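Input: a single structure, listed below in structure tokens.
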There are 2 protein chains.
Amino acid sequence: MANDIEIRDKLMHNGLKVTPQRVAVLEALFDLRTHPTADNIIEYIRQNHPNIAVGTVYKTLETFVEKSMIQKIVTENNVMRYDGYTDKHHHIYFADSDNIEDYYDDDLNNLIEQYFNEKKIPNFKIEDIKLQIVGRHIPNSH
Amino acid sequence: MANDIEIRDKLMHNGLKVTPQRVAVLEALFDLRTHPTADNIIEYIRQNHPNIAVGTVYKTLETFVEKSMIQKIVTENNVMRYDGYTDKHHHIYFADSDNIEDYYDDDLNNLIEQYFNEKKIPNFKIEDIKLQIVGRHIPNSH
DNA sequence: GTACCTGCAAAAGATTTGCATCTTT
DNA sequence: AAAGATGCAAATCTTTTGCAGGTAC
């Protein structure tokens, strides 16, 4: 859980006014490490901040995405999910639930980066490569 | 553009009744190589088949996805797109347009597969890895 | 003939928008 | 004071659903 000062700084550094609503949304994104939907975020925030409006949360999230402060995660259920952590990582999608976990692996990133340094895609500048790793949890065998 | 016989076969082999609507949707997916939305597909089909219902197209697409005859492609615009080609490939997302192109690369697939053969993810069985390659078209320099 | 499909229209669910009011700077 | 943000409710957009009637096998 990030403290208020960090959050205020982050907002100010991105040229955004520091409002309680924005602080609450950012805080929720740091606290909820489940890649929440907008709805999850609203529910979480309303515990301490009952009057926040749905539209405000959506607008806030969109603003943060535009500033690259957070990331959208697309899913096959027509619901957007959000990720408050923007350091380079990939996502593991569990085929049998809507759980999405982070996957950090710099060796893999380097491998892929090197690969594409040699083998270019014609007329194309790669900005980012994200892996969607899909699979299943293996239950413990004892 | 696939011929009718192939399409009929594909439907029958998946235990589906061969209806003009299903043939039209599959045909659209083979013809439109732009990873169309449901709406794109409806528009395309209505040229020759004006009475097809919106709900039918959605149901048909969902049926095809369940049978793994086609794939969903998720986007950041809250619109699902569909891909009629299910052989292993990745997608190139153009950051400055909603263009999505296919990327076939077996060398890369092997590289990644080998990587994960050695470095397992604990308690997890990988079923598929999809790359979202994001970037921009480089204009020709003359 | 039966099981399965389709069309239609209504419903649902997620997200966006317009605008008056309020807050931050 | 000015610029920008919020709340509210209505609107929009995509996708799903229920069901009566129709079609493939």
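Chain A is the first sequence line, chain B the second, and so forth, proteins listed ahead of strands; every chain is numbered from 1. Remember, it's a predicted structure, so these values are computed and weren't measured experimentally.
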Using the side-chain heavy atoms of [X], tell me which of these nucleotides is nearest: [options].
{"X": "A:T60", "options": "C:dC5, D:dT6, C:dT15", "result": "D:dT6"}
{"X": "B:V18", "options": "D:dT15, C:dT24, D:dC25", "result": "D:dC25"}
{"X": "B:V79", "options": "C:dT15, C:dC5, D:dT14", "result": "D:dT14"}

On the 0 to 90° scale, with breaks at 30° and 60°, tag the [X]-[Y] ring pair as parallel, tilted or perpendicular.
{"X": "B:F94", "Y": "A:F124", "value": "perpendicular"}
{"X": "A:F30", "Y": "A:Y85", "value": "perpendicular"}
{"X": "B:H91", "Y": "B:H35", "value": "perpendicular"}

Separation of [X] atom [atom1] from [N] atom [atom2], in whole Å?
{"X": "B:L16", "N": "C:dT6", "atom1": "CG", "atom2": "C1'", "value": "14 Å"}
{"X": "A:N40", "N": "C:dG13", "atom1": "CG", "atom2": "P", "value": "15 Å"}
{"X": "A:I45", "N": "D:dT6", "atom1": "CD1", "atom2": "P", "value": "11 Å"}
{"X": "A:L26", "N": "D:dA5", "atom1": "CG", "atom2": "P", "value": "14 Å"}
{"X": "B:K17", "N": "D:dA24", "atom1": "NZ", "atom2": "P", "value": "9 Å"}
{"X": "B:M12", "N": "C:dC5", "atom1": "CE", "atom2": "P", "value": "14 Å"}
{"X": "A:M80", "N": "C:dG13", "atom1": "CE", "atom2": "C1'", "value": "14 Å"}
{"X": "A:R81", "N": "C:dT15", "atom1": "CZ", "atom2": "P", "value": "12 Å"}

salt_bridge(B:D83, B:K72) N-O dist < 4.0 Å: no

Would A:K88 and A:D128 pass as an ion pair if we require N to O under 4.0 Å?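 Salt bridge flag = yes for A:D128 with A:K88.
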
Which protein N or O atoms sit under 3.5 Å from an N or O of nucleotides 7-10 of chain C?
unit_1 : atom_1 : unit_2 : atom_2 : d
C:dG7  : OP1    : B:Q21  : NE2    : 3.0
C:dG7  : OP2    : B:A53  : N      : 3.1
C:dG7  : OP2    : B:T56  : OG1    : 2.9
C:dG7  : O6     : B:K59  : NZ     : 2.9

Both A:R22 and B:N78 contact DNA chain D. Which one's nearest nucleotide lies toward the 5' end?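 Comparing both residues, the 5'-ward one is A:R22.
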
Of B:A38 and B:T19, whose closest DNA chain D nucleotide lies nearer the 5' terminus? B:A38

Is any side-chain nitrogen or oxygen of A:Y58 closer than 4.0 Å to OP1 or OP2 of C:dT16?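 No, A:Y58 has no side-chain N/O under 4.0 Å of OP1/OP2 on C:dT16.
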
Checking B:R46 side chain against B:I52 main chain: does a donor-acceptor pair fall under 3.5 Å?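 Flag set: sc B:R46 to bb B:I52 pair under 3.5 Å.
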
Only counting residues at least two apart or in another chain, list the ones meeting side chain to side chain contact (heavy atoms under 4.5 Å, CB included) with B:R136.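 Counting only residues at least two positions away or on another chain, B:R136 forms a side chain to side chain contact (heavy atoms under 4.5 Å, CB included) with A:E127, B:A95, B:D96.
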
